[in-house]
Amino acid sequence: MPELPEVETVRRGLESVLVDARFDRVEQRRADLRFPFPERFPERLTGQRVISLGRRAKYLLAALESGEVLIMHLGMSGRFIIARAGANVKNPGEFLHRAGQQDRHDHVIFTMSNGATITYNDARRFGFMLLTAGNELQAHKLMRNLGVEPLSEDFSPDYLAARCGAKKTSLKAALLDQRIIAGLGNIYVCEALFRARLSPRREASSLALGSGAASMRARRLVPKIKSVLEDAIAAGGSTLKDFHAPEGELGYFQHSFAVYGREGLECARPGCGGVVKRIVQGGRSSFYCPRCQR
DNA sequence: AAGAACTCCTGTTGGC
DNA sequence: TGCCAACAGGAGTTCT
């Protein structure tokens, strides 16, 4: 479900109820999600104050007073639901009608010292929560091979061209590879490629071809990746199926999709006149306009 | 050793 | 209406 913009939206929502608060109570309602929960998970959190809540790729990282870091990943369907102290009743939609109720997919419930209740719900259970020592975080198996943050200065045309230079795989697959760019997912890769007018079918190495260390194509693509992510974060992410920020707000970037989910519709580029096509790459849908994306 | 296929799990949707 | 297949925002593991 969530790609970088959605995870960042969740991070911002959780920050205000998590940081500086302590875990008063942790209810772990099953033994595992994608992975087993850590040993003595509730005990290791209870009483701990949260120092900060960060994000790396699609991971949320809560630094604890104990020195441990709580690593959380939402998988495809994971979400957090916040109920603040004094139960505000003005949240819309599903959030309202399920207030006070339990869902069979509510797997973890945090009760914080500020009175907030934070519920982790995940139907497909591809998400997970792990604990690791803060000083071992960088070397953690899940962290050590991650590529650059796409919104950082380090993500440049030179970097992208260098990392794609010898890749035989498709450009689509390369952009989804978290070892190259950390945090991109299927939607935003499709949208960035559309904005850059590049075909997802193009060989990744072709990004490095052309004049200079970074080709024209890499120079064109990198700013589009950044802008599509920035635009999506500004919109609070994309709401497909049921994504919403932790306090119930819906993201609205899905209204700005140019190609994702638009198979058979006319290309959004003025004057193009092409028709959006869906192909399958690596078992996942790619949407693009064969006419203007080359 | 890169790249593709398979896997986890549940829910929703579209076609008949 | 029901039934069934296809598909869904991820990514670690296993194969070739």
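Nucleotide C/dG10 holds its C1' atom 16 Å from the CG atom of A/N145, rounded to whole Å. The separation between A/D103 atom CG and B/dT10 atom P is 13 Å, rounded to whole Å. If you measure from atom CD of A/E263 to atom C1' of B/dT13, you get 14 Å, rounded to the nearest angstrom. Straight-line distance from the OH atom of A/Y59 to the C1' atom of C/dA11: 7 Å, rounded to whole Å. Distance A/Q178 CD to B/dA2 P: 17 Å, rounded to the nearest Å. Put simply, CZ on A/R55 is 14 Å from P on C/dG10, counting in whole angstrom units. Taking atom CE of A/M72 as the reference point, atom P of C/dG10 lies 19 Å away to the nearest angstrom. Rounded to a whole Å, the CG atom of A/D122 is 13 Å from the P atom of C/dA11.
Residue contacts for A/F253: at a heavy-atom cut-off of 4.0 Å it reaches no nucleic acid atom on any strand shown. A/S238 comes within contact range of at least one nucleobase, with a heavy-atom separation under 4.0 Å. Counting non-hydrogen atoms under 4.0 angstrom, A/L142 reaches the backbone sugars and phosphates but no base. Nucleic acid contact for A/Y188: none, since no nucleic acid atom lies under 4.0 Å from a heavy atom of the residue.
With both ends at atom P, the span from B/dG14 to C/dG9 equals 15 Å, rounded to whole Å. Nucleotides B/dA1 and C/dA11, compared at atom P, are 24 Å apart to the nearest Å. Of the P atoms belonging to B/dA5 and C/dC7, the separation is 15 Å, rounded to the nearest Å.
Distances shorter than 4.0 Å separate some side-chain N or O of A/K141 from OP1 or OP2 on C/dT13. Distances shown here put every side-chain N or O of A/K58 at or beyond 4.0 Å from the OP1 or OP2 atom of C/dG9. A close approach under 4.0 Å does occur between a side-chain nitrogen or oxygen of A/T169 and OP1 or OP2 of B/dA4. For C/dA11, the OP1/OP2 oxygens have a side-chain nitrogen or oxygen of A/H73 closer than 4.0 Å.
A donor-acceptor contact closer than 3.5 angstrom links the side chains of A/R84 and A/S16. Side-chain contact check for A/D122 and A/S77: at least one donor-acceptor pair (N or O, by modelled atom type) lies under 3.5 Å.
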Contacts under 3.5 Å, N or O only, protein and nucleotides 5-9 of chain B:
from: B/dC9; atom 1: O3'; to: A/R125; atom 2: NH2; distance (Å): 3.2
from: B/dC9; atom 1: O2; to: A/R124; atom 2: NE; distance (Å): 3.0

Sequence neighbours left out, cut at 3.5 Å: what donor-acceptor pairs do the side chains of residues 50-62 of chain A make with other protein atoms?
from: A/R55; atom 1: NE; to: A/E8; atom 2: OE1; distance (Å): 2.9
from: A/R55; atom 1: NH1; to: A/A57; atom 2: O; distance (Å): 2.9
from: A/R55; atom 1: NH1; to: A/E149; atom 2: OE1; distance (Å): 3.0
from: A/R55; atom 1: NH2; to: A/E149; atom 2: OE1; distance (Å): 3.3
from: A/R56; atom 1: NH1; to: A/G147; atom 2: O; distance (Å): 3.2
from: A/R56; atom 1: NH1; to: A/E149; atom 2: OE2; distance (Å): 3.0
from: A/R56; atom 1: NH2; to: A/L146; atom 2: O; distance (Å): 3.4
from: A/R56; atom 1: NH2; to: A/G147; atom 2: O; distance (Å): 2.8
from: A/K58; atom 1: NZ; to: A/L184; atom 2: O; distance (Å): 2.9

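Note on ring orientation: taking the six-membered ring where Trp is involved, the planes of A/F37 and A/F41 are tilted (angle from 30° to 60°). Classification of the A/H73-A/F128 ring pair by plane angle, with boundaries at 30° and 60°, yields parallel.
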Dot-bracket, DNA chain C: Watson-Crick or G-U, under 3.5 angstrom, [ ] crossing, | other strand?
-> .|||||||.|||||||

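With A/D231 as the partner, the salt bridge (Lys or Arg N to Asp or Glu O under 4.0 Å) test is satisfied by one option alone out of A/R195, A/K226, A/K224: A/R195. A/S286 pairs with exactly one of A/R278, A/K172, A/R201 by the side-chain hydrogen bond (donor to acceptor under 3.5 Å, both in side chains) rule, that one being A/K172.
Environment of CZ in A/R49: crowded, with over 12 heavy atoms of neighbouring residues, nucleotides or ligands closer than 6.0 Å. In the displayed structure, A/R179 atom CZ is contacted under 6.0 Å by at most 12 heavy atoms of other residues, nucleotides or ligands.
Taken to the nearest 0.5 Å, the OH atom of A/Y188 stands 3.5 Å off from the CD atom of A/E6.
Map A/R284 and A/R278 each onto its nearest nucleotide of DNA chain C; the residue landing nearer the 5' end is A/R278.
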